[in-house]
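Before any comments, here is the structure.
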Amino acid sequence: MSNINFQSKHVARLLKSSWVYQGKVSPTAFQLRPGLKETYISVLCEEMPTFLSDARTIVKGKDKTQYASLPKEEIEERDYQVNSDKVAFTIKPADNNTFKSHAGIFISVNGHGVTGGEPFKEFMKEDGVPESTVLQEIGLFLADIAEKNLKTLNFDVLNE
């Protein structure tokens, strides 16, 4: 089990350059990849001592990278609905022996966990919108929070 401090206030979503354009974050940055059957969106806990070294390893030699510093409270405690379907987010440890600060944003719809590439229509209300719309709305919700909290890690400066 991970040793992440859940008193932490922020998690970082490292952003590929293709996910950010003119300060706008693409909802693609917050998709569960269907081919991997992901059950969470990978993030790093900013308050962990290994955050910077984990981030540096993940971006593999780049001088700098952008990330979204996501306030845990804003994600977990906001009531979010898509039509009549309740969407909830939980941030918790995600086992990873390589990256000690690794955590995940787990998504549920009406109390049932969502996995990339697997249908969840059976958990939606009768008057619910299509699954693809729910996933798009989730991405837009998280991208909106990310845009307000964009930061840059400049590894050259950190090395000095």
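Hydrogens, waters and symmetry mates play no part in the numbers below; they use all other heavy atoms, side chains included.
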Hey, what do you get for OG (S42) to CG (L36), rounding to the nearest 0.5 Å? 9.5 Å
Check whether E76 reaches the backbone of I91 with its side chain - one donor and one acceptor, N or O, closer than 3.5 Å. yes
What distance do L14 atom CG and W19 atom CH2 have between them, rounded to the nearest 0.5 Å? 9.0 Å
Does N110 reach the main-chain N or O of F123 with its side chain, forming a donor-acceptor pair under 3.5 Å? yes
Atom pair CG/CG of L44 and L52 - distance to nearest 0.5 Å: 10.0 Å
A side-chain contact here means heavy atoms from C-beta on lying under 4.5 Å apart; do L70 and F30 qualify? yes
In terms of heavy-atom contacts, D54 and S101 come closest through OD2-OG, 2.7 Å
The complete set of side-chain hydrogen bond (donor to acceptor under 3.5 Å, both in side chains) pairs with one or both residues in residues 20-30, sequence neighbours excluded, reads S26-T28
Could you tell me if the side chain of T90 sits less than 4.5 Å from the side chain of S108, heavy atoms only? no
Is there a side-chain contact between I107 and F89, using heavy atoms and a 4.5 Å cut-off? yes
Donor-acceptor list for residues 130-144 side chains, cut-off 3.5 Å, not counting sequence neighbours:
from: E131; atom 1: OE2; to: F120; atom 2: N; distance (Å): 3.0
from: E131; atom 1: OE2; to: K121; atom 2: N; distance (Å): 2.6
from: D144; atom 1: OD2; to: K148; atom 2: NZ; distance (Å): 3.2

OG (S69) and NZ (K9) are apart, to the nearest 0.5 Å, by 12.5 Å
List the atom of P71, the atom of N149, and the distance in Å for their closest heavy-atom pair. CD-ND2, 3.9 Å
Heavy atoms, side chains only, cut-off 4.5 Å: are F106 and T39 in contact? yes
Is any side-chain heavy atom of Y40 closer than 4.5 Å to a side-chain heavy atom of H102? yes
Would you check if the side chain of R13 reaches a backbone N or O of A146 as a donor-acceptor pair within less than 3.5 Å? no
Does atom CD (E73) have a neighbourhood of more than 12 heavy atoms from anything else shown, all under 6.0 Å? no
Are K37 and E118 side-chain neighbours, meaning at least one heavy-atom pair lies under 4.5 Å? yes
Interatomic distance, E38 atom CD to T115 atom OG1 [nearest 0.5 angstrom]: 10.0 Å
Roughly how far, to the nearest 0.5 Å, is the OH atom of Y67 from the NE2 atom of H10? 9.0 Å
Check: I41 and L32 side chains under 4.5 Å, non-hydrogen atoms: yes
